[in-house]
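Take a look at the structure below.
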Protein chains: 2
Amino acid sequence: METSTEEKIIQAAEKVFVRDGYDGARMQSIADEAEINKAMLHYYFRSKEKLFQQILTGKIKAFLPTILGIIQAEMTILQKFEAVVDGYLKMLSENPRLPIFILFSTYRNPVILEQLPREVFHGLIGFIKKAIRNGELKKVDPEHLLVSMMGMCVFPYVAKPIASHMLGKSDDEYLLFLRNRKKEIMTLLKELVN
Amino acid sequence: METSTEEKIIQAAEKVFVRDGYDGARMQSIADEAEINKAMLHYYFRSKEKLFQQILTGKIKAFLPTILGIIQAEMTILQKFEAVVDGYLKMLSENPRLPIFILFSTYRNPVILEQLPREVFHGLIGFIKKAIRNGELKKVDPEHLLVSMMGMCVFPYVAKPIASHMLGKSDDEYLLFLRNRKKEIMTLLKELVN
DNA sequence: ATTTGCATTAACCAAATGGTTAGATCATAT
DNA sequence: ATATGATCTAACCATTTGGTTAATGCAAAT
């Protein structure tokens with residue numbers, strides 16, 4: 001099964017942009033990685049800027065909505081939390097460099113965000129609010145709790161170089177550390193449940 | 001009081017590198033910002049790479065040790081947590097773009113980290129361990145707790161563009177959100193204290 | 001077989017970029 | 001006053017980079 005030129009370019013561009021960032025990426029690197037002529041990049045995608053925006057929006061969209069699908073209404077709030085944390089940590093362990101790429105890129109390119117749906121966040125905040133009304137969950141600010149959950153999941157990935165150094169861990173040890181992450185986040189969240 | 005050329009360069013380089021990253025920064029931008037001739041950059045700092053490394057190490061060092069100084073041995077663990085969270089949030093509110101710059105830069109330049117002291121982290125982990133032995137704190141993994149605390153502080157800053165969009169907040173509203181952050185992090189941490 | 005239109009390539013181009021250099025300027029010591 | 005060494009400037013340079021173009025290949029339609 002041969003992949004089309006356009007698909008080869010997209011895959012190569014994802015790899016190079018995520019690894020090097022927009023300014024660090026070279027059109028020639030992408031062409032080499034895709035094993036095609038550099039002119040093909042402009043033939044299919046016009047410019048570096050256009051190609052980058054397509055990659056970035058694609059990556060952000062892939063990052064967001066997976067989680068909401070897993071959550072069932074009849075779950076307890078703790079089960080919902082676990083689904084969210086587990087979903088994000090799994091995605092992160094498969095794409096460890098993705099969050100730093102997305103965060104850095106959106107800092108310089110915030111316009112991209114305008115087309116993104118807010119449903120994922122709104123949905124999760126809705127679940128939290130309901131659980132508080134139920135008395136299932138202690139009274140906390142839902143938005144802050146959501147940001148805290150995401151921070152606890154994402155931070156060890158975006159801060160990997162610093163954190164592994166500060167904790168004195170080798171790459172293998174840090175990987176082990178990340179694998180224990182879910183349990184430790186959940187013990188913290190459990191304290192919020194009545 | 002006039003600042004020396006070298007000092008002007010450093011201040012300009014900090015501004016431009018933090019804003020644009022290494023690859024996005026231009027030597028001419030730094031020269032313009034410092035209002036000096038571009039050749040002066042090389043006269044004082046040899047190369048873009050050298051200048052950048054000096055800025056980056058300086059920024060990382062400024063980021064780390066402020067906290068440990070505030071903490072007194074006789075504080076309760078909750079007071080210590082509050083000192084850490086407060087210290088970081090204050091630093092972050094004054095330098096909101098700093099963490100994303102440091103994290104992105106160390107991803108591509110991890111060698112820089114080797115000269116950094118581990119005492120800050122070790123010290124904080126020591127405090128947590130002691131508090132657990134005391135029975136002051138519930139049994140949690142100290143390293144994970146520390147990473148969680150840092151994640152909860154730093155994440156809303158590194159993810160500002162995405163988070164403000166997802167939460168449907170204007171810049172002003174997001175600033176307000178950040179100001180409530182301390183209280184909300186502390187309510188979470190309080191649950192861990194016996 | 002010829003036309004037609006998309007896909008591909010190699011060569012090329014202009015602009016930008018990090019870096020250099022020869023000479024000017026200026027303060028200080030003699 | 002003059003020599004000296006550091007500081008500074010304008011012009012310049014080689015290389016890199018995103019992007020273009022003219023020519024070619026090639027498969028399907030006529």
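Since the structure is predicted, the reported quantities are computational estimates derived from the model, not experimental observations. Every chain is numbered from 1 and lettered A, B, ... according to where its sequence line falls, protein lines coming before strand lines.
- Phosphate contact (OP1/OP2 of dT7(D), side-chain N/O of Thr5(B), threshold under 4.0 Å): absent.
- Put simply, CG on Asp20(A) is 11 Å from P on dG18(D), counting in whole angstrom units.
- Taking the six-membered ring for Trp and the full ring otherwise, the centers of Phe52(A) and Phe17(A) sit less than 6.0 Å from each other.
- When the P atom of dG5(C) is taken as reference, atom OH of Tyr43(A) falls 13 Å away, rounded to whole Å.
- Aromatic rings from Phe63(B) and Tyr88(B) are positioned such that their centres are separated by under 6.0 Å.
- One interatomic measurement links the two molecules: CD of Glu6(A) to C1' of dC6(C), which rounds to 13 Å at whole-angstrom precision.
- Taking the ring centroids of Phe155(B) and Phe155(A), they lie at or beyond the 6.0 Å cut-off.
- One atom, CD1 of Ile30(A), and another, P of dG19(D), lie 10 Å apart when rounded to the nearest Å.
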Worksheet item: How does each nucleotide of nucleotides 12-26 of chain C score, in 5' to 3' order, for protein heavy atoms under 4.0 Å: base (B), sugar-phosphate only (S), or none (-)?
Response: -----SBBBB-----
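- When the P atom of dG18(D) is taken as reference, atom CD1 of Ile9(A) falls 15 Å away, rounded to whole Å.
- Ring-centre distance between Tyr107(B) and Phe104(B): not below the 6.0 Å cut-off.
- Nucleic acid contact for Tyr44(B): sugar-phosphate only, since backbone atoms but no base atoms lie under 4.0 Å from a heavy atom of the residue.
- In this structure, Glu35(A) places its CD atom 15 Å from C1' of dT8(C), rounding to the nearest Å.
- A donor-acceptor contact closer than 3.5 angstrom links the side chains of Gln28(A) and Asp32(A).
- Side-chain contact, Arg181(B) with Ser148(A): a donor N or O sits under 3.5 Å from an acceptor N or O.
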